[in-house]
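All of these numbers come straight from a predicted model, not from anything done at the bench. Sequential numbering from 1 along the given sequence is applied to the chain's residues.
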Amino acid sequence: MALKNCEYLEDYEIGQQGETFTRTVSTADITHFACMTGDYAPVHLDRHLTSGGQYGGRIAHGLLGSSLVTGMVSIDAPHIVGRDVPESFLAGFETNYRGAIFLDDTIKVRWQISEKTDDPTQEGFGLVQTAFQVVNQDGNGIYEGILTTKARKRSASAARLQCKTDTPWQIKEFILDAEKVYYLEDFVPEEGGISKGRTFTETDSVNFCGLTGDYNPLYVDAEFAKETAFENRIVPPMMVFTSAFGLWTRDGDLLRTKTPGAATDAGHLNDSATFLAPVLIGDTIRCCFKVAETRVSKSKPDRGILNFGFQLINQRNEVVQEGKTLLMRGARGGAS
């Protein structure tokens, strides 16, 4: 059961756990998410192409599932994502994808507060980590991860929330060879690019809140937001990060490379992000992306892990979010 009157870091109890309501993920959910974020990958939208593929049909975006986690928890355990908690902010997430959400699957979220630490960026504040698991109608755990929320300590009851931005990376531009098959070893760390911008509107924010169910007053209540450290409503941080994938897929040649083959390639294995500072309604964001790391599997030399890094940069050239995604990629070591 959710805590009542949760105001300070001390009110979060390690070991507290719960379970959300259930929700069936529909075609409308998947299409709506694609339209909002710009991620139109066929594995999510093309019934005929996917019917004979790896999953035997369409699946939900991994980041749609991660976004639903924040919304479903926000309804049943609002303090976990900082909803209605003074001077609190959703500071990040990490999701490991062990399976997929198929069309018309019914999911629920199990959660447990696992850790509390001091916030290294602001004295008088701490970070609460909540482990979660997404379970489908068959009782199978398909996602697992961590939500991180920043909360004020009771000893700093007069302090205001502060957020610290970062500086943009210096990266080398990736030049696509459209005829080349790219194995894992062909991706060079620090090569990447930067997308064009996207201005976040009130419509964007309201639509995302409606899809996920996360009606945090910081996102939807103008009078509430005036009294916060931000002084204005902010765009849900998960919407900003998920939209980065739309920008990346639209403008990023790294995703247009020819692959060695479906047998050794896969979608997202892991997504994670740190939310450094808020995005206000009217802010314009660009996505800076790069190859962060490549690692060939020791047990299966025909494949490995491709780690892409992201920075989301506002119109003032401030980095407001940083994140990564891990994908499987065929390796040349396994090529005949």
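Checking Ser297 against Arg303 by side-chain atom types alone, no donor-acceptor pair falls below 3.5 Å. Using a 3.5 Å distance cut-off with no hydrogens or angles, the side chains of Asn136 and Asp105 do not pair a donor with an acceptor. Between the side chains of Thr20 and Asp76, no donor-acceptor pair of N or O atoms lies under 3.5 Å. Using a 3.5 Å distance cut-off with no hydrogens or angles, the side chains of Thr325 and Asp271 do pair a donor with an acceptor. Judged purely by distance below 3.5 Å, without hydrogens or angles, the side chains of Arg233 and Asn216 never pair a donor atom with an acceptor atom. No side-chain donor from either of Tyr12 and Thr130 sits under 3.5 Å from a side-chain acceptor of the other. Side-chain atoms of Thr242 and Ser67 include no donor-acceptor pair closer than 3.5 Å. Using a 3.5 Å distance cut-off with no hydrogens or angles, the side chains of Asp119 and Thr121 do pair a donor with an acceptor. In this structure, a donor-acceptor pair under 3.5 Å is present between the side chains of Gln16 and His79. Counting only N and O atoms by type, the side chains of Thr22 and Thr106 include no donor and acceptor under 3.5 Å apart.
Annotation: side chain of Thr294 is not in contact with side chain of Asn307 (no heavy-atom distance under 4.5 Å). Residues Phe200 and Ser243 meet the side-chain proximity criterion, which asks for heavy atoms closer than 4.5 Å. When side chains are defined from C-beta on, Phe245 counts as touching Phe241, because their heavy atoms get closer than 4.5 Å. Residues Val69 and Thr95 have side chains not in contact (no heavy-atom distance under 4.5 Å, counting atoms from C-beta outward). Put simply, the side chain of Glu173 does not reach to within 4.5 Å of the side chain of Glu191, judged on heavy atoms. Asp253 is not listed as a side-chain neighbour of Thr257, based on a closest heavy-atom distance of 4.5 Å or more. Annotation: side chain of Ile281 is in contact with side chain of Val235 (closest heavy-atom distance under 4.5 Å). You'll find the side chain of Asp166 reaches within 4.5 Å of the side chain of Glu322, heavy atoms only.
For the pair Lys150 and Phe125, the cation-pi test (distance below 6.0 Å, angle within 45°) is passed. Relative to the ring axis of Tyr182, Lys180 places its NZ or CZ within 45° and under 6.0 Å from the centre. Remark: Arg23 is not positioned above the aromatic ring of Phe21, lacking an NZ or CZ atom under 6.0 angstrom from the ring centre and at most 45 degrees off the axis.
Ring orientation note: the planes of Phe310 and Trp248 are nearly perpendicular, at an angle over 60° on the 30°/60° scale.
For the atom pair CZ (Phe208) and NE2 (His32), the distance works out to 10.0 Å, reported to the nearest 0.5 Å. Rounded to the nearest 0.5 Å, atoms OG1 (Thr228) and CD (Glu87) are 7.5 Å apart. Rounding to the nearest 0.5 angstrom, the gap separating the CD1 atom in Ile313 from the CD1 atom in Ile285 is 9.0 Å. We find the SG-CG distance between Cys209 and Asp204 to be 11.0 Å, quoted to the nearest 0.5 Å. Between the SG atom of Cys287 and the CD1 atom of Ile194 there is a distance of 8.0 Å, given to the nearest 0.5 Å.
No path of Ile, Leu, Val, Met, Phe, Trp and Tyr side chains, each step under 4.5 Å between heavy atoms, connects Leu103 with Val135, placing them in separate hydrophobic clusters.
Shortest non-hydrogen contact noted between Asp104 and Ser26 is OD1-CA, 4.2 Å. Residues Gly309 and Ala292 approach most closely at N-CB, 4.0 Å, considering heavy atoms.
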TODO: Given salt bridge (charged side-chain N to carboxylate O under 4.0 Å, His left out), test Lys108 with Glu19 step by step and report yes or no.
DONE: CA-CA 7 Å; Lys108 61 183 175 182; Glu19 188 173 281; 3.2 Å; yes
Open item on the list: If you apply the rule salt bridge (charged side-chain N to carboxylate O under 4.0 Å, His left out), what do you find for Arg154 with Asp11, and how did you get there?
Closed with: CA-CA 9 Å; Arg154 187 168 278 106; Asp11 298 328; 2.9 Å; yes
- [ ] Start with the C-alpha distance between Phe289 and Phe174, add both sets of side-chain angles, then the distance that settles ring pair (Phe, Tyr, Trp, His ring centres under 6.0 Å), and finish with yes or no.
- [x] CA-CA 10 Å; Phe289 48 89; Phe174 172 79; 9.1 Å; no
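Ring pair Phe230/Phe89: centre-to-centre distance below 6.0 Å. Taking the six-membered ring for Trp and the full ring otherwise, Tyr97 and Tyr143 have centroids separated by under 6.0 Å.
Screening Thr199, Asp283, Thr284 for a side-chain hydrogen bond (donor to acceptor under 3.5 Å, both in side chains) involving Gln315 leaves a single residue, Asp283. The residue from Thr274, Leu312, Leu276, Thr167 that alone fulfils the side-chain contact (heavy atoms from CB on, under 4.5 Å) condition with Val319 is Leu276.
Panel note: side chain Asp251, backbone Lys196; a donor-acceptor pair is recorded below 3.5 Å.
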